[in-house]
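Read the numbers this way: they start at 1 and go in the same order the structure lists the ligands and their atoms.
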Amino acid sequence: MARVVVIGSSNTDMTVRLPRLPEAGETVLGGAFTTTPGGKGANQAVAARRAGAEVVFVAAVGDDELGRQALALFRREGLDVSHVRVVDQTASGVALIFVGDDGENMIGVASGANARIEPEDVDRLPASLFRRGDVLLTGLEIPHRAAVAAMRRGRDAGMIVILNPAPAPAAASPDVAELLASADVVTPNRLEASALAGISPRPETDWADCARRLMAKGPRAVVITLGAEGCLTAEGDRFDRIAARRVVAVDTVGAGDAFNGALAVALAENRPLAEAAAWAAAASALAVTRPGAQSALPRREAIDYLAR
Ligand code: ADP
C-alpha cells in the first residue's frame, strides 16, 4: 500500500451562517452555527487515507476538548496519530468563519497548537518515518521553519516531497526561496502561484510561464490548480493542461485539499505527474459536489470510477 506522511495543521472550523456579514462593531442576529473538523493538514491527511494510502499524520493539538475530539476523529478515519503532539496549556487551532447568504465569508484563525510545531519536533521524529519512495506532504498553516525541516528530512530519505504553499506567503517573505528550494513538487492555486512568482493574477495570466518561474526557484515540478478550469502540470520541459471534471459544484471549500491528498497517493504509487493530477482532479471534483470539507472527501472506489 502507498504510504503518505502529512505534516500539517489541524483546526476546528466554527461557522456562523448569517443573512449578511457584520460591519466592524456591528452585531447581526439570525445565524445558524456549525462545528466541523478542518485545517489543511488534517483535510489532506483524511483525503489521502480515503484515497487509499496508509497515512501518518504529524500535527499538534491543544490539551483541550477540541484536541481530544480531533484525535478521536483521526483515529476513526484510520490515520496513524502516534506523532500528533498534545501541547500542554495551549488551545487547539480554531477558525472562526462568518458566511453571508451571498456566499461571501470572513475568517479569523487562532493557530493555537499548530503554531507550536518546531523544527526540533521534526528533528525528533524517528528515521523510520521517512522512507524512500513514500510521499511527504506539507503546507504553510504550520511555522515555515517546521515545514522546511520536514521537507529536508523527507528529501534526505529519498521521499517525494510535496509542498502545498497555502496560505500563500507574502511575495516578499524571505522564506519563499527556502520553501521552494526544499520541495520536489509545489501545488499552488492561482493566488498562491501568483504570490510566489511575484506577479498579480489576471484572467490572461500565462500559467505555464508562471510554473516555469517557480521551477526556476528549485522544485522539479509544479502543479497549479485552476479551480473549475482544472490544473496545469509542469515538469522540466513538459507541460500538460488537465481539464476539471464537469460536476455540479455545491461547496468548493477544501477542493485543493482533496486534490493534494489524492495527488500524494497517486505519486506514492509511482504514477506519472499528469496521470496523478488527472486522478486528483477526479477526487476534487467529487469533493465539490458535497457540502463540507472533510465530510465531502471521496473514497478510492468513487475516484477510480469517475477517473475511468
Ligand atoms: P483551492 O481549493 O486550493 O483554492 P482550486 O480552487 O484550484 O484550489 O481547486 C483545486 C482543484 O479542485 C482544481 O484543480 C479542480 O480539479 C477541482 N475543482 C475546483 N473547483 C471545481 C469545480 N467547480 N468543478 C470541478 N472541479 C473543481
Near A281 (heavy-atom distance under 4.0 Å), the atoms of ligand 1 are 16 (O)

Heavy-atom contacts with R245 under 4.0 Å: which atoms of ligand 1 show up? List them by number with element.
24 (N), 25 (C)

Contacting atoms of ligand 1, where contact means under 4.0 angstrom from a heavy atom of T225
5 (P), 7 (O), 8 (O), 10 (C), 14 (O)

Evaluating non-hydrogen atoms only, which member of A278, A228, A280 is closest to atom 22 (C) of ligand 1?
A228

Working for salt bridge (Lys or Arg N to Asp or Glu O under 4.0 Å), residues E301 and R299
CA-CA 6 Å; E301 304 74 56; R299 299 197 177 274; 5.9 Å; no

Minimum-distance pair of heavy atoms, taken over all atoms of A91 and D64
CA-OD2, 3.4 Å

Within a distance under 4.0 Å of any heavy atom of V247, pick out the atoms of ligand 1 and give their elements.
24 (N), 25 (C)

Counting from 1, what ligand 1 atoms have a heavy atom of A244 closer than 4.0 Å?
25 (C), 26 (N)

Before accepting this row, confirm whether a basic side-chain N of the pair R145/E118 lies closer than 4.0 Å to the acidic partner's carboxylate O.
yes

Looking only at protein heavy atoms, which one is nearest to atom 4 (O) of ligand 1, and how far off is it?
N189 ND2, 3.0 Å

Between the side chains of Q44 and D257, does any donor sit under 3.5 Å from an acceptor?
yes

Does a donor on one side chain sit under 3.5 Å from an acceptor on the other, for D13 and T15?
no

Of the listed options (A262, A243, S284), which comes nearest to atom 17 (C) of ligand 1 when hydrogens are ignored and any heavy atom counts?
S284

Are the side chain of R75 and the backbone of V81 linked by a donor-acceptor contact shorter than 3.5 Å?
no

Does any N/O atom on G230 come nearer than 3.5 Å to any N/O atom on ligand 1?
yes

Criterion side-chain contact (heavy atoms from CB on, under 4.5 Å) against R3, the qualifying member of L129, V265, V135:
L129

Going by heavy-atom distance to atom 27 (C) of ligand 1, choose the closest among G227, G256, A255, P188.
G227

In ligand 1, the atoms that come under 4.0 Å of a heavy atom of A249 are 23 (N)

Is there a donor in the side chain of R290 and an acceptor in the side chain of S295, or the other way round, less than 3.5 Å apart?
no

Those atoms of ligand 1 less than 4.0 Å from some heavy atom in L226
7 (O), 14 (O)

